[in-house]
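Here's the structure we're looking at; comments come further down.
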Amino acid sequence: MKLNERSVAHYALSDSPADHTGFLRTWGGAGTPPTPSGAGRRCWFVLKGNLLFSFESREGRAPLSLVVLEGCTVELAEAPVPEEFAFAIRFDAPGVRPHLLAADGPAAQEAWVKALSRASFGYMRLVVRELESQLREAHHSLDLHRRSSWKAVSSRCKPQAPDRWSPGLENGHSLSRDCSPIGLVEEGGSRPAGRGLAEWELQGPANLLLGRGQSPVSPETSCFSTLHEWYGREIMELRRAWLQRAQENQPECKDQDRP
Amino acid sequence: MRYNEKELQALSRQPAEMAAELGMRGPKKGSVVKRRLVKLVVNFLFYFRTDEAEPIGALLLEHCRVIHEEPSGFSISFLEDPERKYHFECCSEEQCQEWMAALRRASYEFMRRSLIFYRNEIQKMTGKDPLEQFGISEEARFQLSCLKA
């Protein structure tokens with residue numbers, strides 16, 4: 001079966017975050033010749049997403065092997081040689097031999113088994129869906145709260161959409177402060193309270209998506225471009241804030257270094 | 001790079017997010033369009049000859065770019081060589097848009113970013129880290145620092 005190997009290798013070596021790395025001994029996995037002592041071959045393993053790569057060394061520039069961690073279970077195993085800290089990746093599919101691996105110690109063994117058990121796409125999707133529904137609930141209950149407190153305040157308001165994010169990102173207390181009617185500036189010309197509130201709701205693609213009953217990870221979504229655009233904006237804002245802080249810190253350091 | 005074909009074959013038999021017969025043209029110069037059964041399973045795109053049970057090949061969809069190609073097709077290319085494109089032809093613009101949307105969110109990296117986004121949002125709104133209940137709040141893969149432009 002063909003595979004876009006060059007792209008796969010590029011992904012393996014890219015600086016996208018590795019989910020777990022470390023040395024492991026491996027036996028009889030795809031293409032690993034058994035060593036004379038039966039002690040297993042020691043390789044550098046990198047887990048990225050649902051893909052487990054092995055390299056000859058930490059500095060290896062080409063992956064030796066790839067295991068796709070879908071449809072498998074990871075469990076502690078009896079090594080061929082009385083080897084401690086071994087575990088196996090077992091596939092449900094018939095005729096597929098398990099991959100036997102061994103860590104250097106109990107902590108590493110536990111960490112690897114945990115990381116590999118949670119590496120599947122399905123697991124990630126489960127967590128994302130769970131968070132989506134939690135976010136939806138949080139928006140819903142906030143929405144109810146706002147609608148009831150809104151009636152007490154002036155009907156004219158101006159949503160401050162661009163400013164909303166910086167305070168939110170910096171101090172972590174966003175919604176309760178920014179959405180309180182006190183934070184709103186009055187604008188000339190009348191604007192119905194209901195519409196003003198609706199504009200406040202449209203703060204990010206999550207709201208857009210959740211409002212339309214869609215989600216970024218379910219088949220009905222058609223708002224990727226919105227989501228993508230929003231990520232870009234938030235990332236640029238984050239970056240700007242960090243750079244600003246970095247610049248503010250720098251002059252102080254320079255002063256300290258001067259004799 | 002060694003990989004177990006049987007493992008990939010087994011994966012290709014798992015329930016697909018999307019599956020359809022499309023026209024497919026490989027990235028090599030002079031390649032012709034062929035009818036293929038194309039199947040999206042997790043972050044892999046498998047393609048089969050229309051009358052065969054085992055896939056001819058698979059594309060890992062990480063760090064890929066999906067572009068609309070006239071009239072009603074799209075291409076997939078990868079970060080390390082954006083000019084090297086796998087072309088696909090759909091039967092309608094609607095089908096094309098559906099596939100493009102599905103492929104763009106098919107990567108693990110996209111899921112990771114979504115998760116981090118939601119985690120951050122929930123934390124801001126409720127003051128609680130939603131990943132704590134899963135016991136995975138400290139995992140490297142879910143940190144905000146993973147987001148890159």
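Below, chains carry the letters A, B, ... as their sequence lines are ordered, and counting in each starts from 1. Since this is a predicted model, take the numbers as computed values, not measurements.
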Which portion of A:Glu130 sits near chain B, non-hydrogen atoms under 4.5 angstrom | side chain

Would a 4.5 Å heavy-atom cut-off, applied to side chains only, mark B:Phe44 and A:Val68 as touching?
-> yes

Which atoms of A:Ser14 come close to chain B, meaning under 4.5 Å heavy atom to heavy atom: side chain ones, backbone ones, both, or neither?
-> side chain

Answer yes or no: is there an ion pair linking A:Arg125 with B:Glu17, defined by an N-O contact shorter than 4.0 Å?
-> yes

What distance do A:Leu66 atom CG and B:Arg2 atom CZ have between them, rounded to the nearest 0.5 Å?
-> 12.5 Å

List the steps and the verdict of side chain to side chain donor-acceptor pair (under 3.5 Å) for B:Glu121 and A:Gln134.
-> CA-CA 10 Å; B:Glu121 287 300 291; A:Gln134 280 188 25; over 6 Å; no

What's the verdict on side-chain contact (heavy atoms from CB on, under 4.5 Å) for B:Glu80 and A:Leu13, showing C-alpha distance, side-chain angles and the deciding distance?
-> CA-CA 11 Å; B:Glu80 81 284 355; A:Leu13 293 163; over 6 Å; no

Can you tell me if CD on A:Glu56 sees more than 12 non-hydrogen neighbours from other groups inside 6.0 Å?
-> no

Honestly, the part of A:Ala138 sitting under 4.5 Å from a heavy atom of chain B is both

Between atom CG of B:Asn120 and atom CG of A:Leu131, what is the distance when rounded to the nearest 0.5 Å?
-> 11.5 Å

Which atoms of B:Arg119 come close to chain A, meaning under 4.5 Å heavy atom to heavy atom: side chain ones, backbone ones, both, or neither?
-> both

Any side-chain heavy-atom pair from A:Met1 and B:Ile56 closer than 4.5 angstrom?
-> no

Which distance, rounded to the nearest 0.5 Å, do you find between the OG of B:Ser114 and the CZ of A:Arg129?
-> 11.0 Å

Considering residues, nucleotides and ligands other than A:His140, do more than 12 of their heavy atoms fall under 6.0 Å from its NE2?
-> no

Do the non-hydrogen side-chain atoms of A:Arg6 and B:Phe78 ever get within less than 4.5 Å of each other?
-> no

Report yes if the side chains of A:Ser16 and B:His63 come closer than 4.5 Å at any heavy-atom pair, otherwise no.
-> yes

Check each atom of B:Ile122 against the heavy atoms of chain A and say whether the ones under 4.5 Å are side chain, backbone, both or neither.
-> both

Go through the atoms of B:Ala102 and report whether side chain, backbone, both or neither lie under 4.5 Å from a heavy atom of chain A.
-> neither

For chain B, find which of A:Phe91, A:Tyr11, A:Phe53 contributes the most heavy-atom pairs closer than 4.5 angstrom.
-> A:Tyr11

Given that the side chain runs from C-beta out, which part of B:Ser12 has a heavy atom under 4.5 Å from chain A: side chain, backbone, both or neither?
-> neither

Mind checking whether B:Tyr3 and A:Glu5 have side chains closer than 4.5 Å, heavy atoms only?
-> yes

Side chains of B:Met1 and A:Leu64: does their closest heavy-atom pair fall under 4.5 Å?
-> no

Between atom CG of B:Leu60 and atom CG of A:Leu3, what is the distance when rounded to the nearest 0.5 Å?
-> 7.0 Å

Relative to chain A, which segment of B:Glu109 carries a heavy atom at a distance below 4.5 Å: side chain, backbone, both, or neither?
-> side chain

Contact winner vs chain A - B:Ala10, B:Cys64, B:Pro55, B:Pro27, heavy-atom pairs under 4.5 Å | B:Pro55

Taken to the nearest 0.5 Å, the spacing of B:Asn4 CG from A:Arg97 CZ works out to 9.0 Å

Can you tell me if CD on B:Glu94 sees more than 12 non-hydrogen neighbours from other groups inside 6.0 Å?
-> no

Option that, when pairs with chain A are counted at under 4.5 Å, heavy atom only, ranks first among B:Lys6, B:Gln14, B:Glu62, B:Met18 = B:Glu62

Derivation and outcome, side-chain contact (heavy atoms from CB on, under 4.5 Å), residues A:Val127 and B:Met111 | CA-CA 10 Å; A:Val127 179; B:Met111 291 243 143; over 6 Å; no

A:Asn4 side, atom CG; B:Ser77 side, atom OG - distance, nearest 0.5 Å = 11.5 Å

Might you point out which heavy atoms bring A:Lys2 and B:Tyr47 nearest each other, and give the distance in Å?
-> CB-OH, 4.0 Å

What part of B:Gln9 gets closer than 4.5 Å to chain A, counting heavy atoms only: side chain, backbone, both or neither?
-> both

So do A:Glu70 and B:Glu7 actually touch side chain to side chain, heavy atoms under 4.5 Å?
-> no

